[in-house]
Amino acid sequence: MTKALYTAQAHVTGGRNGHGRTTGGQLALDLRQPKELGGNGAGANPEQLLAI
């Protein structure tokens, strides 16, 4: 098994229509479902974050 070199952590409240932030606070943003999935599109969606 390969040894982990780095571990990142984040905290999300409210799920796909909530708020997420990294433990150190470098990234904090509202999460929203995309319009294509019935959301209002007024925030980042988890699929975009995974794509990055």
Side-chain angles (χ1 to χ4, degrees):
M1 179 180 249
T2 304
K3 180 182 173 186
L5 300 177
Y6 179 80
T7 301
Q9 295 180 346
H11 181 76
V12 175
T13 56
R16 293 180 57 95
N17 289 304
H19 186 81
R21 74 175 201 76
T22 57
T23 303
Q26 297 90 346
L27 177 64
L29 49 92
D30 291 328
L31 301 171
R32 299 292 182 264
Q33 288 185 325
K35 289 181 180 181
E36 296 82 0
L37 296 177
N40 65 11
N45 67 64
E47 290 80 9
Q48 290 173 322
L49 298 175
L50 289 172
I52 290 173

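The structure places CG of Asn40 at 6.5 Å from CZ of Arg32, a figure rounded to the nearest 0.5 Å. In this structure, CD in Glu36 is found 8.0 Å from CG in Asn45, a value given to the nearest 0.5 Å. Separating the CD atom in Gln48 from the CG atom in Leu50 is a distance of 10.5 Å, to the nearest 0.5 Å.
Every residue two or more places apart in sequence or in another chain that forms a side-chain hydrogen bond (donor to acceptor under 3.5 Å, both in side chains) with Asp30 is listed here: His19.
Shown here for Ala28 and Arg21, the closest heavy-atom pair between the two residues is CB-CB, 3.7 Å.
Grouped with Leu27 in one hydrophobic cluster are Val12, Leu29, Leu31, Leu49, the linkage being side-chain heavy-atom contacts under 4.5 Å among Ile, Leu, Val, Met, Phe, Trp and Tyr residues.
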